[in-house]
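The block underneath contains the structure these notes are about, expressed in structure tokens.
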Amino acid sequence: QALGGEAAVLKISSRVAKGTMAGMAGKFPVEVFTKMPGKSLTLTHLPNGDSVSVYDGHEGWMAFPGRPARPMEGADLESAGMDANLHFAVDLQKMFAEFKVAPEEKIHDQQAYQILAMKTASRRATVL
């Protein structure tokens, strides 16, 4: 409901997000382009070139500066599919069989709830 309800979420067909990724090696500009049905391109602008992640709705590839592109597999591919789903908020109950509330965690200075989503087949938890 916080997103305007199911009808509003289903109207979304593309999104462009720009920001900064912070990590141990510093802060880097990031651009994410997403288009339904489930396609995405992520560019991370590093000092020695761009890191690229592409998902076409079925397969994905990753490339880092100075290295050849490699196909995504396993958890990387599954995560790319979820990230590329602009209707994720309304598809949750179709994607996961069980949800559990885990202990709260502090993110910066705010308490945040953790919700574990379980898939029936793998019984592997995904933190939402």
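Note that the structure is a prediction, hence the values are computed from the model and not measured. Numbering starts at 1 and runs along the sequence shown.
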Approximate separation, where rounding is to 0.5 Å, of [X] [atom1] and [Y] [atom2]:
X	Y	atom1	atom2	answer
Thr42	Asp83	OG1	CG	7.5 Å
Asp50	Phe64	CG	CZ	12.0 Å
Phe33	Leu43	CZ	CG	6.0 Å
Leu3	Leu10	CG	CG	11.0 Å
Phe96	Ile115	CZ	CD1	11.5 Å
Met62	Ser51	CE	OG	6.5 Å

Are side-chain heavy atoms of [X] and [Y] found at a separation under 4.5 Å?
X	Y	value
Glu31	His45	yes
Pro29	Met21	no
Met82	Phe88	yes
Leu77	Tyr55	yes
Gln111	Glu105	no
Glu78	Lys119	yes
Thr34	Lys39	no
Pro47	Phe28	yes

Just checking Gln93: does its CD atom have more than 12 heavy atoms from other residues, nucleotides or ligands closer to it than 6.0 angstrom?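 No, because the 6.0 Å sphere around CD of Gln93 holds 12 heavy atoms or fewer from other groups.
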Check for me, please, whether Val54 and Val32 land in the same ILVMFWY cluster - side-chain distances under 4.5 Å, paths through other members count.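 No, Val54 and Val32 fall in different hydrophobic clusters.
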Are Phe99 and Met95 in one and the same hydrophobic cluster, where Ile, Leu, Val, Met, Phe, Trp and Tyr link if side-chain heavy atoms are under 4.5 Å apart?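 Yes: a chain of side-chain contacts under 4.5 Å links Phe99 to Met95.
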Residues Met72, Ser79; criterion side chain to side chain contact (heavy atoms under 4.5 Å, CB included); working and verdict: CA-CA 10 Å; Met72 287 183 198; Ser79 294; over 6 Å; no
Do you know which two heavy atoms are closest between [X] and [Y], and how far apart they sit?
X	Y	value
Leu86	Val9	O-CG1, 4.0 Å
Ala63	Arg67	CB-O, 4.5 Å
Gly49	Pro65	O-CG, 3.4 Å
Gly4	Ala8	O-CB, 3.5 Å

Is there a donor-acceptor pair closer than 3.5 Å between any side-chain N or O of Gln114 and the backbone N or O of Glu104?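 It does not hold such a pair.
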So, does Asp56 use its side chain to make a donor-acceptor pair with the main chain of Glu59 at under 3.5 Å?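 Yes, the answer is positive, given that a donor and an acceptor are paired below the 3.5 Å cut-off.
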The test is side chain to side chain contact (heavy atoms under 4.5 Å, CB included); show your working for Met36 and Asn85 and say whether it passes. CA-CA 7 Å; Met36 287 303 287; Asn85 182 355; 4.1 Å; yes
What's the verdict on side-chain hydrogen bond (donor to acceptor under 3.5 Å, both in side chains) for His87 and Glu6, showing C-alpha distance, side-chain angles and the deciding distance? CA-CA 9 Å; His87 303 155; Glu6 183 174 345; over 6 Å; no
Are any of the side-chain nitrogens in Asp76 or Arg70 under 4.0 Å away from the carboxylate oxygens of its partner?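 A salt bridge is present here (some side-chain N lies under 4.0 Å from a carboxylate O).
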